[in-house]
Amino acid sequence: MTTATASLNSMAALEHELAPLRRSLVTHAVYGRLTDPDCLRVFMSNHAFAVWDFMSLLKSLQGRLTGIRVPWIPPGDALAARLVNEIVLGEETDEIAPGKYISHFDLYLESMGEVGADSRPIRQFIAAMREEIPPGAALARLSIPDETRRFVETTMRFCEAGTVEAAAAFLLGREDLVPAMFRPMIESLTRAGVKCATYRLYLERHVHLDEEQHGPMAKRLLEGLCGADPAKWRAAAGAATQALEARRALWDGVLRAMG
């Protein structure tokens, strides 16, 4: 643990600590390869697993912070419950056109079909989840890069970790990071004239929602959970660092898989 990390006591200090690692993700070389249709297909086949486990991480927070059990018990923190429920609403049932509702995961699957990306691994994985096969066992059956498998395994550990750690991974490894990652993707696809209207919609919805709504909500959530407790901010820093390192390893693995 660095001296800077040891003295963390605010969101600003945490963001400063993570800035170099975050920058390495925002400028990763993988985005520039998306102009090649074959590389785009490889990327999407692997990224689909991150789209799925994002929802698992979000649902783990919803389970902790909202009243979803029967018999019902009022949530201990109404603001935290509100923030999480609003994020779930947008991610699980987004209105992408008047009267058309869809989860972002299902929208991603549609976009994979649009560009001809191989969706068999992720569909096989989802089928295993329906059969209640543990995620680790289901991942072991698939022919996917080790980095993709480890990324999902890391996320599933966050789902079982403390609430502060899960919220930090969610905010700093996902909601805060996604707009900065997705903009270079959109730029690459636009320059190359790649026809992928559904995928562009998926990317643009996340830039808009995460930057203007979900990101600020997740930030308020983490700030409320950590308060003025340095130990909680240190726990958040450790989880966020692990989440960002797992994402960088995922992108490195995808880049190698592109050949």
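Side-chain atoms are counted along with the backbone in the values below, which use heavy atoms only and exclude waters and symmetry mates.
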* To do: Check Val70, Leu65, Thr66 against Ile68 for a side-chain contact (heavy atoms from CB on, under 4.5 Å) and give me the one that passes.
  => Thr66

[X] (side chain) donor-acceptor with [Y] (main chain) under 3.5 angstrom:
X	Y	answer
Arg22	Asp176	yes
Trp233	Glu223	no
Glu95	Gly99	yes
Ser24	Leu21	yes
Glu114	Ala197	yes
Ser188	Tyr31	yes

Closest approach of [X] to [Y] (non-hydrogen atoms, all atoms of both residues):
X	Y	result
Leu40	Leu34	CB-O, 3.8 Å
Tyr101	Thr93	CD2-O, 3.7 Å
Leu14	Ala236	CD2-CB, 4.2 Å
Ala167	Leu61	N-CD2, 3.9 Å
Met258	Val30	CE-CG2, 3.6 Å
Ala257	Val42	CB-CG1, 3.9 Å

Side-chain heavy-atom pair [X], [Y] within 4.5 angstrom cut-off:
X	Y	answer
Thr148	Leu142	no
Glu91	Glu175	yes
Leu222	Leu172	yes
Phe151	Val254	no
His28	Leu250	no
Asp94	Leu209	yes
Leu171	Met11	yes
Phe170	Ile87	yes

Can you measure from [atom1] ([X]) to [atom2] ([Y]) and round to the nearest 0.5 angstrom?
X	Y	atom1	atom2	value
Glu86	Gln213	CD	CD	8.0 Å
Arg150	Arg157	CZ	CZ	10.5 Å
Met217	Glu212	CE	CD	11.0 Å
Arg123	Leu109	CZ	CG	4.5 Å
Leu107	Met112	CG	CE	12.5 Å
Arg141	Phe125	CZ	CZ	11.0 Å

Taking [X] first and then [Y], would you say they form a salt bridge - that is, a charged N and a carboxylate O separated by under 4.0 Å?
X	Y	answer
Glu92	Lys59	yes
Arg183	Glu187	no
Arg256	Asp146	no

Would you say [Y] ends up clustered with [X] if hydrophobic residues are merged whenever their side chains have heavy atoms under 4.5 Å apart, either directly or through other cluster members?
X	Y	answer
Phe105	Leu201	yes
Ile186	Met44	yes
Leu79	Leu89	no
Ile133	Val152	no

* Establish, from distance only, whether the side-chain atoms of Ser45 and Asp118 form a donor-acceptor pair under 3.5 Å. => no

* **Modelled atom types, side-chain donor and acceptor of Thr198 and Glu110, under 3.5 Å** => no

* When the aromatic ring centroids of His206 and Tyr202 are compared, is their separation below 6.0 Å? -> yes

* Could you check Leu139 against Phe49 for side-chain contact (heavy atoms from CB on, under 4.5 Å), going step by step and ending with a plain yes or no? => CA-CA 10 Å; Leu139 289 167; Phe49 287 89; 4.3 Å; yes

* To do: Could you walk me through whether Gln242 and Thr154 pass side-chain contact (heavy atoms from CB on, under 4.5 Å), step by step?
  => CA-CA 8 Å; Gln242 187 178 0; Thr154 298; 4.0 Å; yes

* To do: Kindly check if the number of other-residue, nucleotide or ligand heavy atoms within 6.0 Å of CZ (Arg200) is above 12?
  => yes

